[in-house]
Amino acid sequence: MQEFDFSIIEEEARKKWSEKDVYKVNIDTSKPKYYVLDMFPYPSGAGLHVGHPLGYIASDIYSRYKRLKGFNVLHPMGFDAFGLPAEQYAIQTGQHPAKTTLDNIATYKKQLGKIGFSYDWSREVVTSEPAYYRWTQWIFIQLFNSWYDKSVEKAKSISDLTAIFEQSGNVGVQAACDEKTPQFTAEDWKAFTEKSQQEILMHYRLAYQSYALVNWCPELGTVLANDEIVNGVSERGGYPVERKKMSQWFLRITAYAERLLQGLNTLEWSDSMKEMQRNWIGKSIGAMVSFPIENHDADIEVFTTRVDTIFGVSFIVIAPEHELVQKITTSEYEEAVLKYKKTCAAKSDIERQQEKAVSGQFTGAHVIHPISGVKVPVFIADYVLAGYGTGAVMAVPSGDQRDYLFAKKFDLPIIQILDAQDEILEEANPTKEGRYVNSDIINGMAYQEAISTVTQALEKIGKGYAKVNFRMRDAGFSRQRYWGEPFPVYYDKDGIVRVLSESDLPVTLPAVENFKPTSDGKSPLANAPEWVNELGEGQTRETDTMPAFAGSSWYFLRYMDPKNENEFVSQEAQEYWQDVDLYIGGTEHAVGHLLYSRFWHKFFKDNNWVSTEEPFKKLVNQGMIQGRSLLTKADSIKGMPAGMHIPLSLTGPGDKIYKEKLIELTKADNRFAHIQPDTDVNWEDIDGKPFISLQFEVEKMSKSKFNVVNPDDMIDQFGADTFRMFEMFLGPIEAHKPWDTNGIEGVSKFVRKIWRLYGFDEAGQATFKDEASKDELKVLHRAIKKVTDDIERFSFNTAVSAMMIAVNDLGKLTPLSKTTLETIPVLIAPLAPFIAEALWTRMGNEESVFDAQFPMFDSKNLVEESILYPISINGKVRAKLEIAASLSPKETEEVVLNDEGVQKWLDGKAPKKVIVVPGRIVNIVL
RNA sequence: GCGGAAAUGGCGGAAUUGGUAGACGCGCACGACUCAAACUCGUGUACUUAGGUGUGAGGGUUCGAUUCCCUCUUUCCGCACCA
């Protein structure tokens, strides 16, 4: 009998696949298309650990399955190669990021190759290659040359807009634009200088430049997008972030806010993922209300979702940074207001969030209630955020807890406005129930009526209107970094912003010697003056670069037509491949990449460059594979309450570490250099050899925790098929689960059992019989049904289990029939491609197993007799009993309805379906 | 605080539409092979004294609930003074 050796069959299968170019995919209109996409990785220096391939294995199983089912499957892979780590590494080592990136890509491809993925590598995309990023730059130019027409909810060319301006100015234009855009007539427009015209157009462009408060990270020397900041510090590195006013590029994603929100309803994404995007977009329906300022010719505008509570307003609060603060503060309060503003400015965002104490300052100013005419004081307080709504709120202490606390502290009136509001002596009651009281024109009304009555009253006097507000901000698109796409932009001698023409693309990154930002916050590209000035005539290039999400916002389209030099994707390729049917990746991109991609895709749709409104139909988020760390207990080492991570190799017998090994570790790892083994450590056995005991913990895999498992080691030891199936076998694809190498033996055994079913003789011939027995067919078809169902519903762990059961059962029936032996390889091919190909070849097939047809389940094989049994009650046939397909007939020999069941049934109250088991009910179809 | 997901043996987990709870694997125990061990193979393995009890806790709907509804507890994830 020929022994199973995974290294031989893997080699053999690889050779066959590459000779036959099995994974090459082309447009084929005779077959339905299916597009399976992985979130492409950032090629970091650390390489892959066992957590990374989880999603790739799942997508590979599904695309192989779809292919065997007759679909033309697009399953590409590439690299998201621009980004901060490569640049940080370059600063530290002086190595060019292009080189380290290429090295890392080579490592990744080698690792991915071992696992046996069915990628069509001829379609590989690397975002940092000029042939790719020229199209990223091209898309930027298109965004720059577009505006958003709200009247038709669609992006249009900027030349359409200038035509309108020349005709009739901007009065009738419903555009997504800067709210401070001045109004002008056609005559005004024509009289403007070109520079002024360009400045006005900046208020409309979908890619525009603006001075704005941005998130500046001094440590990284760059601006960060909102989603790159976590808890007030940078996502990468955890450095503090401050607000700074800078000239920056932005993308007008807010124009698409409503469409991005509505589109979510059409997607097969997890609820939590959609909810995260909804929260980020943050739509709230409410009203704008203007409160005229006493003794000033100005109003304070507030946004509120509860305009019905307007008669409960007892004061107004504006953010300390609000632009009216200086203007309205009376001389009496000037000093106090200034002092308060200073204490607020000194606080970082985190401090401001953690600070729960109520604080604020009266400005001395008052506003007039627009309906009741009551005089109301104006305060500043940092619980009102400058960045949301108008940076001002109307305070209703009876209905809002923050307003309530503020009113208590400053001794302001708390007005009950609804009869259902009780207990407002203790806290605010935000109810919408009951009838309004103390509320002028809406007394006695209910919520809905009150809202519309107040809104209409405000509209009539020009002091308010219904308004939808979004929390989402426009996306900052400038980074002061080297390793990113240069903008196809320059400034002419008059300082006017110009984009290059398409024929000038790509704008390639210049060679620089210093990758650090300049001390005044300019991008490292400013260190290459020749490049900056090479256009001549006093023209200078933009030195900022694009953020990491630029290249990843459209890469999935490039895979459709990766070599095209004339278009970013051809019409033909795009019309065939359409969109991504299945997208697999982590949840960390919930509001970054996945939102920006949807935004760009909608922009492309407006221009008819793509044919779908959404890029990713179905999204599956793979969970994290956690590592098992060994660490010291809380009280073992002074100053390390969280415990100290210990490499497994240094532990003694049992879960403990001896003194000499710990000293070894403190010397080898400078993170622990401060530990004094004699004084800081509570040794457990001073008499014999001192040690401290350790505990296991399940946490994220990371080098610093010594809990990383390398997939290469696993594959060398157990083979790729075993590795793939074990990763799936760990649990549901979407769950977080700990890696436990012990369990891999079970899967390894299973692979060897499959091999043994073929009973290979000395000559490598399988032994089989002519006819399949009924038992054999039953086992086989039960497996076909279960594996098919499980793969369809992404339950790959149970699909592996189903195959294990089948192989165990078939093992008892050897020798098997030829039919069975030819079916098995195709059935397991998605899960274990190498052994599948090996067995397929050994059954005498020239072509690859992936050119075969996935086996069809035939229910005839599952039962021996008829599957319908009549049931009679009182001599009358009332129903037919259907045996569940997976049950064998003998299990349903005795069918008895219990008394209550029969009675309910006779009363006509029986459920539509009842399932009966031995001695009980199985499945009654009425 | 708000939103989302979840809680099942010693462990990872299964139960697809409300129908035999604990599949499959690990671990453990016993047996076969072996001088012996490892490997491999086989058998058993939720708890429990017969009876019974069991899917985080309590209640409800149902002939029947791990599954549906209500209340609560805990864990993970996301957002967080959003007016």
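Since the model is a prediction, treat every value here as computed from it, not as a measurement. Letters go in sequence order (proteins before strands), and every chain restarts at 1. These values consider heavy atoms only, across backbone and side chains, with no hydrogens, waters or symmetry-generated copies.
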*Between A/W755 and A/F760, what is the ring plane arrangement, given parallel below 30°, perpendicular above 60°, and tilted in between?*
tilted
*Flag side-chain contact, heavy atom, 4.5 Å: A/Y447 against A/R306*: yes
*Side chains of A/Y388 and A/S284: closer than 4.5 Å at any heavy-atom pair?*
yes
*Quick one: does NZ or CZ of A/K785 land under 6.0 Å from the six-membered ring centre of A/F857, within 45 degrees of the ring axis?*
yes
Atom-to-atom span, [atom1] of [X] to [atom2] of [N] - whole angstrom:
{"X": "A/R402", "N": "B/rC82", "atom1": "CZ", "atom2": "C1'", "answer": "8 Å"}
{"X": "A/K700", "N": "B/rC77", "atom1": "NZ", "atom2": "P", "answer": "11 Å"}
{"X": "A/F406", "N": "B/rA83", "atom1": "CZ", "atom2": "C1'", "answer": "14 Å"}
{"X": "A/Y383", "N": "B/rC82", "atom1": "OH", "atom2": "P", "answer": "10 Å"}
{"X": "A/I300", "N": "B/rA83", "atom1": "CD1", "atom2": "C1'", "answer": "15 Å"}
{"X": "A/M273", "N": "B/rC79", "atom1": "CE", "atom2": "P", "answer": "11 Å"}
{"X": "A/K786", "N": "B/rA14", "atom1": "NZ", "atom2": "P", "answer": "10 Å"}
{"X": "A/L730", "N": "B/rC11", "atom1": "CG", "atom2": "C1'", "answer": "12 Å"}

So, the side chain of [X] versus the backbone of [Y]: is there a donor-acceptor pair under 3.5 Å, distance only?
{"X": "A/S439", "Y": "A/Y436", "value": "no"}
{"X": "A/Q401", "Y": "A/D403", "value": "no"}
{"X": "A/N707", "Y": "A/K700", "value": "yes"}
{"X": "A/S801", "Y": "A/N797", "value": "yes"}

Between the protein and nucleotides 5-8 of chain B, which nitrogen or oxygen pairs come in under 3.5 angstrom?
none

*Hey, what do you get for CZ (A/F726) to CG (A/D721), rounding to the nearest 0.5 Å?*
15.0 Å
_Watson-Crick and G-U pairing of RNA chain B, under 3.5 Å, as dot-bracket with | and [ ]_ = (((((((..(((......[....)))((((((.......))))))((....))..(((((..]....))))))))))))....
[N] phosphate, OP1 or OP2: any side-chain N/O from [X] under 4.0 angstrom?
{"X": "A/R756", "N": "B/rC41", "value": "yes"}
{"X": "A/N797", "N": "B/rA14", "value": "yes"}
{"X": "A/R793", "N": "B/rA15", "value": "yes"}

Suppose you measure atom [atom1] in [N] against the same atom in [M]; what distance do you get, rounded to whole Å?
{"N": "B/rC47", "M": "B/rU55", "atom1": "C1'", "answer": "13 Å"}
{"N": "B/rC81", "M": "B/rA15", "atom1": "P", "answer": "40 Å"}
{"N": "B/rU16", "M": "B/rA23", "atom1": "C1'", "answer": "14 Å"}
{"N": "B/rC24", "M": "B/rU71", "atom1": "P", "answer": "38 Å"}
{"N": "B/rU61", "M": "B/rC11", "atom1": "P", "answer": "34 Å"}
{"N": "B/rG56", "M": "B/rA65", "atom1": "P", "answer": "15 Å"}
{"N": "B/rA21", "M": "B/rC2", "atom1": "P", "answer": "38 Å"}
{"N": "B/rA36", "M": "B/rA32", "atom1": "P", "answer": "10 Å"}

*Sequence neighbours excluded, which residues qualify as ring-ring contact (aromatic ring centres under 6.0 Å, His included) partners of A/F6?*
none
_Pairing residues for A/H322 by the ring-ring contact (aromatic ring centres under 6.0 Å, His included) criterion, not counting sequence neighbours_ = none
*In terms of side-chain heavy atoms of A/T305, which of B/rA83, B/rG78, B/rU16 is nearest?*
B/rA83
*asked:* What's the closest nucleotide to the side chain of A/P732 if the choices are B/rU16, B/rA14, B/rC81?
replied: B/rA14
*asked:* Can you pull out every salt bridge (Lys or Arg N to Asp or Glu O under 4.0 Å) where at least one residue sits in residues 736-753 of chain A? Sequence neighbours excluded, please.
replied: none
*For nucleotides 24-30 of chain B, just jot down a letter per nucleotide in 5' to 3' order: B, S or -, based on protein non-hydrogen atoms under 4.0 Å.*
BSS----
*Chi class for B/rG9: syn within 90° of 0, otherwise anti*: syn
*Would you call A/K463 and A/D299 a salt bridge, taking side-chain N to carboxylate O under 4.0 Å as the test?*
yes
